[in-house]
Amino acid sequence: MRTNYIKTLALLPILLLPACDKDENVDNMAIESVASMDVLTATFAGDEDGNQLRTTLQENDGSYKNIWLRGDEFVLTDGNVVATYSNAEQDNLSVFDRTSDQQPSLQGPYLLYYPASGYRSFADDLSSFRVEIPRYQEYDESLTLANGSYPMICRAKNNKNFSFYNLGCMIRLNVSAPTGEAMVKFITITAENAHLSGMATASISEDNVPSLKLDELGDDRPKSVTLVCNEGVSVGTADKMFYMALPYGTYQNLKFEVETVNGSRYSSTISKVTFSRSKFRSLNNFKVRILSVGELGIEGEFAD
């Protein structure tokens, strides 16, 4: 499918890593426990440099790394109790303290989920969680992804090593306003054939194959996901980058809508697109340009 420059109400995403057209895996974080289950220490799995893990994204020399943030929390269950662990000290700190009264056993198996705020219940056989995927993500100038917007799951047989796996994908939208300045208030994505937020089942097999299945559509309208820009984010002639997390899957009539602080809305729909778990999907050469009030243009070609 090819899309030429058009002066219509339109919006299409850029889902790529800088200077890289290939999907990149952003999995792999490991957690090693100390003698008790009161403190857990997190590191990247297989990282020879010992880089610490966080759970948003941070750009580093043209590439991205998962990183922890202060306030990140996950839940751990041994099948009897559910305990909450928090990074309460500072960004880039790998120590997580147990903040709930429940004391897990020192013997596994365990099932873990991030973020703790999305946890609702666990299956008796420790195969899955019932979780809620947030409808709103909050824009932050200094971050690529907001706290708690990107779900992860872990299955562990003992308390020596926990490896989390991503349950979603990540996208980047580049927006500019070459004819002047615009203030972006909301960016909303909606699919015709599936929920993008709401109740879901997060599972992981004994072979560490993770899965996220959102509940099927009911009679109500499909649930969207919205990036909230609070007072508004100024967009000018240079590209402004906006990041969002989405459930992976194949979506039909995926609608993208931008709303500015003055209430103007710009939207476009992709008939069919597939997003892979734990990856950026490459959509090359797009420039989303707010031309004037009520008008938006697209430049480039859609490479599927």
Same apolar cluster (I L V M F W Y, side chains within < 4.5 Å links), Met170/Met241: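 Yes: a chain of side-chain contacts under 4.5 Å links Met170 to Met241.
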
Single-linkage hydrophobic cluster Tyr136~Tyr119, side-chain heavy atoms < 4.5 angstrom: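 As far as the 4.5 Å side-chain criterion goes, Tyr119 and Tyr136 are not connected within one cluster.
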
Can you tell me how far the [atom1] atom of [X] sits from the [atom2] atom of [Y], to the nearest 0.5 Å?
X: Asn193; Y: Asn253; atom1: CG; atom2: CG; answer: 8.0 Å
X: Gln103; Y: Ser36; atom1: CD; atom2: OG; answer: 6.5 Å
X: Tyr110; Y: Lys157; atom1: OH; atom2: NZ; answer: 14.0 Å
X: Phe96; Y: Ser86; atom1: CZ; atom2: OG; answer: 7.5 Å
X: Ser224; Y: Leu196; atom1: OG; atom2: CG; answer: 7.5 Å
X: Ser127; Y: Arg155; atom1: OG; atom2: CZ; answer: 6.5 Å

Please confirm whether the backbone N or O of [Y] pairs with a side-chain atom of [X], one donor and one acceptor, at under 3.5 Å?
X: Arg277; Y: Asn166; value: yes
X: Gln137; Y: Ala245; value: yes
X: Thr84; Y: Thr99; value: no

According to ring-ring contact (aromatic ring centres under 6.0 Å, His included), who are the partners of [X], at least two apart in sequence or on a separate chain?
X: Tyr139; result: Phe242
X: Tyr248; result: none
X: Tyr251; result: none

For residues [X] and [Y], determine if any side-chain heavy atom of one lies less than 4.5 Å from a side-chain heavy atom of the other.
X: Arg120; Y: Met199; value: yes
X: Tyr113; Y: Pro151; value: yes
X: Val184; Y: Val258; value: yes
X: Asn87; Y: Glu73; value: no
X: Met244; Y: Ile189; value: yes
X: Arg98; Y: Pro104; value: yes
X: Arg130; Y: Thr201; value: yes
X: Leu106; Y: Met37; value: yes

Verdict with reasoning, Asn262 to Met183, per side-chain contact (heavy atoms from CB on, under 4.5 Å): CA-CA 8 Å; Asn262 63 7; Met183 294 288 289; over 6 Å; no

Side-chain donor-acceptor pairs of residues 204-212 under 3.5 Å, sequence neighbours excluded:
{"from": "Ser205", "atom 1": "OG", "to": "Asp207", "atom 2": "N", "distance (Å)": "3.2"}
{"from": "Ser205", "atom 1": "OG", "to": "Asn208", "atom 2": "N", "distance (Å)": "3.4"}
{"from": "Ser205", "atom 1": "OG", "to": "Val209", "atom 2": "N", "distance (Å)": "3.0"}

Verdict with reasoning, His195 to Leu217, per side-chain contact (heavy atoms from CB on, under 4.5 Å): CA-CA 7 Å; His195 289 306; Leu217 297 178; 3.5 Å; yes

Residues which pass side-chain contact (heavy atoms from CB on, under 4.5 Å) with Lys185, listed by chain and number, not counting sequence neighbours: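 Result, side-chain contact (heavy atoms from CB on, under 4.5 Å) vs Lys185: Val261.
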
Glu259: partners by side-chain contact (heavy atoms from CB on, under 4.5 Å), with sequence neighbours left out: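 Testing Glu259 for side-chain contact (heavy atoms from CB on, under 4.5 Å), a comparison that skips the adjacent residues, returns Phe186, Arg265.
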
Which heavy-atom pair separates [X] from [Y] by the least distance, and what is that distance?
X: Asp78; Y: Val81; answer: OD1-N, 3.0 Å
X: Ala116; Y: Val75; answer: CB-CG1, 3.6 Å
X: Pro134; Y: Gly148; answer: CG-O, 3.9 Å
X: Ala200; Y: Ile133; answer: CB-CG1, 4.2 Å
X: Ser128; Y: Ser203; answer: CB-CB, 3.7 Å

Donor on one side chain, acceptor on other, Thr188 and Thr226, under 3.5 Å: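 The criterion, which ignores hydrogens and geometry beyond distance, is satisfied for Thr226 and Thr188.
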
Trace of the salt bridge (charged side-chain N to carboxylate O under 4.0 Å, His left out) decision for Lys272 with Glu192: CA-CA 10 Å; Lys272 186 177 181 179; Glu192 180 182 76; over 6 Å; no

side-chain contact (heavy atoms from CB on, under 4.5 Å) between Thr190 and Val225, worked out: CA-CA 7 Å; Thr190 308; Val225 60; over 6 Å; no

Residue pair Lys223, Asp215: steps toward the salt bridge (charged side-chain N to carboxylate O under 4.0 Å, His left out) verdict: CA-CA 10 Å; Lys223 292 184 175 66; Asp215 291 357; over 6 Å; no

Asp101 CG: over 12 foreign heavy atoms closer than 6.0 Å: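 No, CG of Asp101 has 12 or fewer neighbouring heavy atoms, counting only those of other groups under 6.0 Å.
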
Stepwise side chain to side chain donor-acceptor pair (under 3.5 Å) check, Gln107 with Asn158: CA-CA 6 Å; Gln107 297 181 350; Asn158 55 53; over 6 Å; no

Leu112 vs Phe164, side-chain contact (heavy atoms from CB on, under 4.5 Å): CA-CA, chis, key distance, verdict: CA-CA 8 Å; Leu112 296 83; Phe164 277 87; 3.8 Å; yes

Candidates Tyr150, Tyr114, Phe129, Tyr85 - the one meeting ring pair (Phe, Tyr, Trp, His ring centres under 6.0 Å) with Phe74: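 Going through the options one by one, the only one that passes is Tyr85.
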
